[in-house]
Amino acid sequence: MLQTAGAGRNTIEVLVEPAAGLPADRAVSRGEPLGPLHGVPVTIKDSLEVAGMRTTGGSTRWGHHVSTHDAESVARLKDAGAIVFGKSNMPPDARDWQTYNEVYGTTNNPWDPTRGPGGSSGGSAAAVDAGLTGLELGGDTAGSIRVPAHFCGVYGLRPSFGIVPRYGSVSGHAPGTLADFDMAVLGPLGRHADDLDLGLDVLAGADHDRAPAWRLELPSARASTLREFRVAAWLDDPFCPVDSELVAIMQAALEAVRAAGATVVDDKGPVGLDETMDLYQPLLMAQSGLVEPDESYARLVELAATEGTTGGFASDLTLRFRDWHALDERRQHSRRRWAEFFRDVDVLLCPVSPTAAFPHDQQPDPGWSVRTLRVDGTDRPYREMLTWMAPSSVNHLPAAVAPVGATREGLPVGIQVIAPYLHDRTAVRFVRCLAEVIGGFRRPPGF
């Protein structure tokens, strides 16, 4: 069934399935050891399998698929005592920064129902913000955790690539697929900064194939207080301009960090946005090509042959492995430059996107050539939603998002906190410290 929360038109919905018994209560009565999430009601992005529940990935291809097993990360939540009571909405195959599909319809932003909650984990962030769930499990390849967290005013963590098992995802996969996607991760969304730390504790670890021999021991946070942090700030860039209102809000948060004693430097990342996008976009498009049905992919191969040596949309979607490997080699050099950058700073602060939550725009446009973003009164290409997501994604870096304010229209604004590879606890610790200095964050009326 669909459960609704909110006041008047300010509503969102999440698919809810009846819980099977009350095992959490029975465990208490038997005096059994309790897990860190004991009895916490949680929802799961509909790209992840939950035994006994429908898992559609937002696609009519799997609209009637009922899972027979749990995704590995879902099982970890359950083993920690969480009660999975429902699934949250997403765009088809997790390929948009808006959340609507033919299976469950449109998800609204809790702050303004005329706007979307982001994507692809838009239902996840909306459910968290509306108080429908205590914790959420989302996914992120191109900002699918970070953008919804920013648009809905909640906390989100894109973990370092490879530390949270993704087996059991149907985003672009057939159910039961074992091969994984490059740059794709799973991570937690919560209403409080501490929820990210807890979610990371539960979710991170070697997957079931490696568990007999591998252990994951993430390093402790590099600093405990803001006074100890070395912070770089990259709050705007002419390559992808950010709305000035968002920049001002992030700047105010940065000044609060500086006032708390942190060492702050205005320093862009070691690889510019133009160079990063030149690397990230073809890698991402090659991955997107895996989602295409066989017939559609065959047409793309034919089209790619006509695009010539300069390439194009079809050529990127059908990238040859030799060319992918050359891009991956460039990526490894980029990652080395980022590792050197993080010798002198602990975290990098940057925008999540050029805008706050934008109005619903459901124009059928798989190439994103028609949709636009409004930035300081000027229409910008919709694809620029990718740009500030790219440094973390392509370099496999952890990135947390924290709400830091609201626009004049009352829309949340988040800031992205990027940390060195495998230093997820550093990003999470900084977010916790930031929450302490900027104070609480108001909720929408009616929630």
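To the nearest 0.5 angstrom, I145 atom CD1 is 11.0 Å from M389 atom CE. Note that CG of L37 is 6.5 Å distant from CG of L135, once rounded to the nearest 0.5 Å. Taking CZ of R335 as the reference point, atom CG of N395 lies at 7.5 Å (rounded to 0.5 Å). The CD1 atom of I438 sits 12.0 Å away from atom SG of C433, with the distance rounded to the nearest 0.5 Å. Separating the OG atom in S121 from the CG atom in D46 is a distance of 11.5 Å, to the nearest 0.5 Å. For the atom pair CH2 (W234) and CG (D267), the distance works out to 9.5 Å, reported to the nearest 0.5 Å.
Inspection of the W388 and D237 side chains reveals no N or O donor paired with an N or O acceptor under 3.5 Å. There is no side-chain donor-acceptor pair under 3.5 Å between T426 and D346. Between the side chains of H325 and E329, no donor-acceptor pair is found at a separation under 3.5 Å. Checking K45 against S124 by side-chain atom types alone, no donor-acceptor pair falls below 3.5 Å. A donor and an acceptor atom, one from each side chain of T107 and T99, are nowhere located under 3.5 Å apart. Between the side chains of D376 and T378, no donor-acceptor pair of N or O atoms lies under 3.5 Å. No side-chain donor-acceptor contact under 3.5 Å links R95 and S59.
Here D182 pairs with R331 in a salt bridge; the nearest charged N to carboxylate O distance falls below 4.0 Å. For D207 and R210, the salt-bridge test passes: some basic side-chain N is under 4.0 Å from an acidic carboxylate O. Ion pairing between R336 and E340 fails under the 4.0 Å rule for side-chain N and carboxylate O. A salt bridge between R115 and E409 is present, with a side-chain N of the basic residue lying under 4.0 Å from a carboxylate O of the acidic one.
Between W338 and F341, the angle of the ring planes goes over 60°, which puts this pair in the perpendicular group of the 30/60° scheme. Ring geometry for H396 against F161 counts as parallel: the plane angle stays under 30°, on a 0 to 90° scale with 60° as the upper cut.
Between L203 and L137 the shortest side-chain heavy-atom distance falls below 4.5 Å. Here the side chains of M250 and V242 are in contact, with some heavy-atom distance below 4.5 Å. In this structure, M277 and F239 have side chains that are in contact, with non-hydrogen atoms separated by less than 4.5 Å. In this structure, the side chains of F151 and F358 come closer than 4.5 Å at one or more pairs of heavy atoms. With contacts defined as side-chain heavy-atom distances shorter than 4.5 Å, the pair T355/R374 does not qualify. L189 has its side chain out of reach of Y155: every pair of non-hydrogen atoms, C-beta onward, lies at least 4.5 Å apart. In this structure, K87 and T56 have side chains that are not in contact, with every pair of non-hydrogen atoms separated by 4.5 Å or more. In this structure, the side chains of L157 and P188 come closer than 4.5 Å at one or more pairs of heavy atoms.
Within 6.0 Å of CZ on R227 lie no more than 12 heavy atoms contributed by other residues, nucleotides or ligands.
When atom types are taken as modelled, the side chain of T133 and the backbone of V128 share no donor-acceptor pair closer than 3.5 angstrom. Under the 3.5 Å distance criterion, the side-chain polar atoms of R337 are matched with a main-chain donor or acceptor of P270. Judged by distance alone, the side chain of N101 and the main-chain N or O of P92 form no donor-acceptor pair under 3.5 Å. When atom types are taken as modelled, the side chain of T263 and the backbone of R230 share no donor-acceptor pair closer than 3.5 angstrom. A donor-acceptor contact shorter than 3.5 Å is absent between the side chain of H38 and the backbone of P33. Judged by distance alone, the side chain of D70 and the main-chain N or O of A51 form a donor-acceptor pair under 3.5 Å. In this structure, the side chain of E72 engages the main chain of H208 through a donor-acceptor pair within 3.5 Å. Checked by atom type and distance alone, the side chain of E245 pairs as donor or acceptor with a backbone atom of R408 at under 3.5 Å.
Here the closest non-hydrogen pair linking G139 and S144 is O-CB, 2.9 Å. Summarising the geometry of L226 relative to A260, their closest heavy-atom pair is CD1-CB, 3.7 Å, with the distance given to 0.1 Å. Among all heavy-atom pairs drawn from A204 and L218, the shortest one is CB-CD1, 4.4 Å. Scanning all heavy atoms of the two residues, the minimum distance from P351 to Q416 falls at O-NE2, 2.8 Å. Minimum interatomic distance between L434 and A402 (heavy atoms only, all atoms of both residues): CD2-CB, 4.2 Å. The shortest non-hydrogen separation linking T141 to L284 is CG2-CD1, 3.7 Å.
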Evaluate side chain to side chain contact (heavy atoms under 4.5 Å, CB included) for L327 paired with L279, printing each intermediate quantity in order.
CA-CA 7 Å; L327 288 168; L279 174 61; 4.1 Å; yes
Residues Q362, T106; criterion side chain to side chain contact (heavy atoms under 4.5 Å, CB included); working and verdict
CA-CA 10 Å; Q362 298 183 6; T106 300; 3.0 Å; yes
E228 and R429: CA distance, side-chain angles, deciding distance, salt bridge (Lys or Arg N to Asp or Glu O under 4.0 Å) verdict:
CA-CA 11 Å; E228 299 169 328; R429 181 61 194 175; over 6 Å; no
Working for side chain to side chain contact (heavy atoms under 4.5 Å, CB included), residues M183 and V394:
CA-CA 6 Å; M183 301 185 288; V394 74; 4.3 Å; yes
So H150 and L246, side chain to side chain contact (heavy atoms under 4.5 Å, CB included) or not? Walk me through it.
CA-CA 11 Å; H150 163 50; L246 272 65; 4.0 Å; yes
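Under the 6.0 Å cut-off for aromatic ring centres, H423 and F430 do not qualify, their centroids lying 6.0 Å or more apart. Close placement of the Y382 and W97 rings is indicated, their centers lying within 6.0 Å of each other.
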Using residues 193-201 as the side-chain source, report each donor-acceptor pair under 3.5 Å to any protein atom, sequence neighbours left out, with the distance given to one decimal.
| unit_1 | atom_1 | unit_2 | atom_2 | d |
| --- | --- | --- | --- | --- |
| D194 | OD1 | R432 | NE | 2.7 |
| D194 | OD1 | R432 | NH2 | 3.4 |
| D195 | OD2 | R191 | N | 3.2 |
| D195 | OD2 | H192 | N | 3.1 |
| D197 | OD1 | R425 | NH1 | 3.4 |
| D197 | OD2 | R432 | NH1 | 3.3 |
| D201 | OD1 | R425 | NH1 | 2.9 |
| D201 | OD1 | R425 | NH2 | 3.0 |

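Listed by chain and number, the residues in a ring pair (Phe, Tyr, Trp, His ring centres under 6.0 Å) with Y421 amount to none (sequence neighbours excluded).
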